[in-house]
Amino acid sequence: MDFVLPRRAHVFVDESNSGSYYIAAAVIAPVDVVATGSTIKGLRHRESPAVHFKSERDSVRRAFLKGAAATGVQTVVYVVSGQPDKVARPTCLGALIEDLCHANAEQLRVQENKNLRYTHMRRNEEPLLWVGDAVAWCLQKDGSWRTDVEPLIGEVRRL
């Protein structure tokens, strides 16, 4: 893995399966979680409780990508192509969990790392989930979306 997860990172994960299976993990150092979350929350459209890229207008999408990139948040994207979801999802999750354990992360619970907590949240409960949603959506699109999302990507791991 080229991108180095910060030790004790907080990781906010979204998944998507359009053609290939994607897990996009926004990785944030513990000291940056509150400030980054506040900034990301401020990027939503006023009338919307959350950002969901497939439902947004292009102008909202572009403004979100620019604002999110300004925070310095990075994602690691895990991709499996050509496999059914029942194979692709555990493959992506296994690679993510292995990376998190090596980084001594604190946001998923697995047997080998008792300090790692997992919390399932809805997109309107945690703005930092919107980053992974944006990255996964953009990577599935052609054209400028892939270029526009590059500042948010630390690494893409094809498994």
Side-chain angles (χ1 to χ4, degrees), residues 1-29 33 36-37 40 43-44 49-56 58 60-62 64-65 68-69 71-159:
M1 183 168 141
D2 297 323
F3 176 74
V4 178
L5 275 70
R7 293 201 46 82
R8 304 184 70 197
H10 289 217
V11 181
F12 300 85
V13 177
D14 194 46
E15 55 192 320
S16 179
N17 58 345
S18 179
S20 295
Y21 199 92
Y22 294 80
I23 287 187
V27 179
I28 303 168
V33 169
T36 302
I40 296 295
L43 299 174
R44 71 180 174 189
V51 172
H52 193 214
F53 252 52
K54 76 175 187 177
S55 305
E56 302 296 341
D58 284 354
V60 173
R61 291 177 181 133
R62 291 194 197 291
F64 181 87
L65 293 173
T71 69
V73 66
Q74 292 282 279
T75 58
V76 178
V77 184
Y78 302 84
V79 184
V80 172
S81 300
Q83 296 292 325
D85 290 355
K86 67 181 181 180
V87 173
R89 187 173 194 265
T91 299
C92 288
L93 287 173
L96 169 64
I97 290 168
E98 183 177 321
D99 289 347
L100 295 177
C101 288
H102 287 300
N104 196 27
E106 295 183 338
Q107 278 299 320
L108 288 169
R109 187 178 300 272
V110 294
Q111 196 168 23
E112 293 81 21
N113 185 344
K114 300 207 184 314
N115 296 321
L116 193 59
R117 281 186 302 123
Y118 167 80
T119 306
H120 186 268
M121 302 181 89
R122 295 185 177 114
R123 88 175 126 263
N124 63 339
E125 296 174 315
E126 178 51 70
L128 292 167
L129 293 170
W130 308 344
V131 176
D133 174 65
V135 169
W137 186 91
C138 289
L139 286 177
Q140 295 174 31
K141 301 297 176 186
D142 291 326
S144 68
W145 293 112
R146 287 182 182 229
T147 303
D148 293 347
V149 79
E150 283 178 8
L152 293 172
I153 299 174
E155 182 175 1
V156 176
R157 295 191 57 205
R158 298 200 178 275
L159 307 171

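We use all heavy atoms of the structure for the numbers below, so side chains are in, but hydrogens, waters and symmetry mates are not. Note that the coordinates shown come from a computational prediction; the quantities given were computed from them, not determined experimentally.
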So L129 and V13, do their side chains get closer than 4.5 Å, heavy atoms only?
no
Would you indicate whether the side-chain heavy atoms of I97 and C101 approach each other to under 4.5 Å?
yes
Return yes if some donor-acceptor pair links the side-chain N/O of T75 with the main-chain N/O of V77 below 3.5 Å, else return no.
no
Distance col, row L159:CG vs Y21:OH, nearest 0.5 angstrom, shows 12.5 Å
R62 and D148: CA distance, side-chain angles, deciding distance, side-chain contact (heavy atoms from CB on, under 4.5 Å) verdict:
CA-CA 8 Å; R62 291 194 197 291; D148 293 347; 2.3 Å; yes
Could you walk me through whether Y22 and D14 pass the side chain to side chain donor-acceptor pair (under 3.5 Å) check?
CA-CA 8 Å; Y22 294 80; D14 194 46; over 6 Å; no
Value for CG (L65) from CG (L152), rounded to nearest 0.5 Å, stands at 6.0 Å
With R146, which residues qualify under salt bridge (Lys or Arg N to Asp or Glu O under 4.0 Å), at least two apart?
none
Might you point out which heavy atoms bring P127 and G37 nearest each other, and give the distance in Å?
CB-O, 4.0 Å
Step by step, work out the side-chain contact (heavy atoms from CB on, under 4.5 Å) result for V51 and L43.
CA-CA 8 Å; V51 172; L43 299 174; 5.6 Å; no
Between W130 and I40, the two heavy atoms sitting closest are CZ3-O, 3.6 Å
Listed partners of R89 passing salt bridge (Lys or Arg N to Asp or Glu O under 4.0 Å), at least two apart
E15
Residues G132 and A24: closest non-hydrogen pair is O-CB, 3.4 Å
Taking side-chain contact (heavy atoms from CB on, under 4.5 Å) as the test, write out the residues that go with S18, two or more places apart.
Q140
Report yes or no: does T36 contribute a side-chain atom to a donor-acceptor pair with the main-chain N or O of V33 at less than 3.5 Å?
no
Do V131 and F12 come close enough that some side-chain heavy atom pair is under 4.5 Å?
no
Residue pairs involving residues 125-134 (criterion salt bridge (charged side-chain N to carboxylate O under 4.0 Å, His left out); sequence neighbours excluded):
none
R61 versus S55, closest heavy-atom pair with distance:
NH2-N, 4.3 Å
So OG1 of T91 and CD of Q83: to nearest 0.5 Å the spacing works out to 7.0 Å
Sequence neighbours excluded, which residues qualify as ring-ring contact (aromatic ring centres under 6.0 Å, His included) partners of W137?
F53, W145
For the residue pair P151 and Q74, what are the closest heavy atoms and their distance?
O-NE2, 2.7 Å
Nearest-0.5 Å distance that lies between atom NZ in K54 and atom NZ in K141:
10.0 Å
The reported gap from SG in C138 to CD in E150 (rounded to nearest 0.5 angstrom) is 10.5 Å
Quick one: list whatever passes salt bridge (Lys or Arg N to Asp or Glu O under 4.0 Å) with E56, sequence neighbours left out.
none
Indicate the atoms forming the closest heavy-atom contact of V73 with A26, along with that distance.
CG2-CB, 4.1 Å
